There are 2 protein chains.
Amino acid sequence: MPQQLIRKLEQFTRLSGADRRAIWDVASRKGRFLGAHQDIIREGDKSEHVNLILDGWACRYKTLENGRRQIISFFVPGDLCDPHVCVFREMDHSIGAITPVRLAEISRDQLLDLTEAHPRVTQALWWEMLVTAAVQREWTVNLGQRTGRERIGHLLCELFIRLRAVGLTDGDSCLLPVTQVDLGDATGLSNVHVNRVLQELRADGQIVLKGRQLTIPDLETLQAVSLFNVNYLHLDREGRHLDANGPDTARAGCPVPQ
Amino acid sequence: MPQQLIRKLEQFTRLSGADRRAIWDVASRKGRFLGAHQDIIREGDKSEHVNLILDGWACRYKTLENGRRQIISFFVPGDLCDPHVCVFREMDHSIGAITPVRLAEISRDQLLDLTEAHPRVTQALWWEMLVTAAVQREWTVNLGQRTGRERIGHLLCELFIRLRAVGLTDGDSCLLPVTQVDLGDATGLSNVHVNRVLQELRADGQIVLKGRQLTIPDLETLQAVSLFNVNYLHLDREGRHLDANGPDTARAGCPVPQ
DNA sequence: CGCGTAATTGACTTTTGTCAAGGCCGGTGG
DNA sequence: CCACCGGCCTTGACAAAAGTCAATTACGCG
């Protein structure tokens, strides 16, 4: 079931059959199902394990005292939700399901065993964690410096490319199971403005969005007008220098503390 | 010279004398000086080591094709700049000095030696890295959901509290060696608007800002009107359960990959 | 003292938000 | 099969927040 995670990690480095089986194994132990709009974990809770999204979409979010909500990141299949495992006493944000979600709960010990036995996986999980941080930085840029239209365009480019990296696109189309309110909460725009921006993008032929189906006829153009530079996703097999050797024996710190 | 780093790490857990000496040691090997506005490392460069700020302020930033710049985070003494060491082929952003800066360059191997010998330090460095990520998330919220005034107020609260955590405040005052343009680049506001917001905050007695000296007469009030919740900085000795024991021998993954 | 950077101010424009009403559409129950 | 319901999308009119431009002032530093 964790095809997407494996596929994503292989954007960074090549994994052996044993590596893949080990990932498959930890991801198949303990599952959980949630309905749309349910919280996977809430601000203030203690996070006990890492959640791997197997199916569906989720998001990290925070709600302010004045009631406004910011979506901090989106999670799609193959994403790991909270690597803070056991360092922080409690979550400083919530994670909620957008669609119905199926996830695997991976304990800290399972992860430690996995990484001790599979240094290549360790490297790949490090890469995954650092890409997550890079995405967060890019969101800061998005919210701070781009216009409404650029923000939405940028977000759609990012989501499309991330989905493509895990095999969840179909040509130039993908599912986009989020409401316009969600898009607004992620981009810092009102739902009304999101609506208008989407119409503009549609009118210019830059997107086709009908129901939950998104089509980007010309990704390059959308990227250009959205000031989207794909570098921050680091999808270009940066760990490929490891491909030649057998199991990597270089010292590799473990991406799970304690 | 790395008093601030040590002091900061002790916000999380208690360190032994040997832990502190080991940190002192790696931070004293190789230093570097930069003038204000010089780049410590630039987008596209290969990052070879972790930079520890010993003195001065720096910032992470990105420049878009249209010339606009977003400051993604501020670094003050005691902060570690780029833990991406050697996973990514190249930096996806730049780090620049705001004031003249003195920093320590810590190689990956030094860090690995340090963490292998000092599990408590490993834990603390994990905590530091996760706090950095939490700060980045909070910036996303700041840019997405707060008004100009709240954004500036929030940023000032954060900086003041971070400085206080490393002993760089003096009562209710601290140095704020950034221009209004910098504040704008960090909060997504124009310099003109930053100026007006600062005047409002001054007029309401919420800050005193003269030259590079910032005073916050009533931090609690400023926090309240800025929707600032300190939790995300995780300064409350969350690792204090480790205090009692001697050197911690629990498995601790290393916060430096490869 | 003079230069250059940074801060300030005013007038005006643009972007985005708010409010409120109406339309679409899929699902459900009679 | 159809009417109704609720969530989501769409639209218009207006308001508020923030940006831009341009000129002026303050201030630190050599």
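Numbers restart at 1 for each chain; the letters A, B, ... are given by sequence-line order, proteins then strands. Keep in mind it's a predicted model, so treat the numbers as computed, not measured.
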Q) When rounded to the nearest 0.5 angstrom, what distance separates CG in A/D92 from CD in B/E138? A) 8.0 Å

Q) Should A/N195 be listed as having a side-chain N or O under 4.0 Å from OP1 or OP2 of D/dT10? A) yes

Q: For B/H193 and C/dC12, give me the distance from atom NE2 to atom C1', rounded to whole Å.
A: 16 Å

Q: Start with the C-alpha distance between A/Q136 and B/Q136, add both sets of side-chain angles, then the distance that settles side chain to side chain donor-acceptor pair (under 3.5 Å), and finish with yes or no.
A: CA-CA 7 Å; A/Q136 201 65 60; B/Q136 201 66 59; over 6 Å; no

Q. Between A/L168 and A/V76, is any pair of side-chain heavy atoms under 4.5 Å apart?
A. no

**Q.** Any A/R202 side-chain nitrogen or oxygen under 4.0 Å from OP1 or OP2 of D/dT10
**A.** yes

Q) Contact class for B/L189 (heavy atom, under 4.0 Å): base, sugar-phosphate, or nothing? A) sugar-phosphate

Q) Taking only side-chain nitrogens and oxygens of A/Q180, does any of them come within less than 4.0 Å of OP1 or OP2 of D/dT10? A) yes

Q | Spacing of A/R196 atom CZ relative to D/dC9 atom C1', expressed in whole Å | A | 12 Å

Q. Contact class for B/S190 vs. all strands (heavy atom < 4.0 Å): base, sugar-phosphate, or nothing?
A. base

**Q.** Nearest-Å distance for atom pair CD/P, residues B/Q213 and D/dC27
**A.** 16 Å

Q. Looking across every strand, which nucleic acid part, if any, lies under 4.0 Å from B/G188 by heavy atom: base, sugar-phosphate, or nothing?
A. sugar-phosphate

Q: Anything under 30° is parallel, anything over 60° is perpendicular, the rest tilted; go ahead and classify B/H234 against A/F88.
A: parallel

Q: Could you state the atom-to-atom distance from CD of B/E200 to P of C/dT8 in whole Å?
A: 13 Å

Q: Specify the separation, in whole Å, of atom CG of B/L201 and atom P of C/dT8.
A: 12 Å

Q.
Measure CG/B/N191 against P/D/dA22 and give the value in whole Å, please.
A. 14 Å

(Q) Under 4.0 Å, counting only non-hydrogen atoms across every strand here, what does A/R212 touch: a base, just sugar-phosphate, or nothing? (A) sugar-phosphate

Q) Should A/I40 and A/N51 count as side-chain neighbours, where that means a heavy-atom distance under 4.5 Å? A) yes

(Q) Of the listed nucleotides (C/dA6, C/dG10, D/dC8), which one gets closest to any side-chain atom of A/T179? (A) D/dC8

Q) Considering only heavy atoms, which members of residues 143-156 of chain A lie under 4.0 Å from some atom of DNA chain C? A) A/T147, A/G148

Q) Does the side chain of A/Q199 get closer than 4.0 angstrom to OP1 or OP2 of D/dC9 through an N or O atom? A) no

Q) Would you call B/F228 and B/L222 a side-chain contact if the rule is heavy atoms closer than 4.5 Å? A) no

Q) Between D/dA18 atom P and B/R68 atom CZ, what is the distance in whole Å? A) 14 Å

Q) Among B/D185, B/N191, B/N195, whose side chain to side chain donor-acceptor pair (under 3.5 Å) with B/Q180 holds? A) B/N195

Q. D/dC8 P sits how many Å from A/I98 CD1, rounded?
A. 12 Å

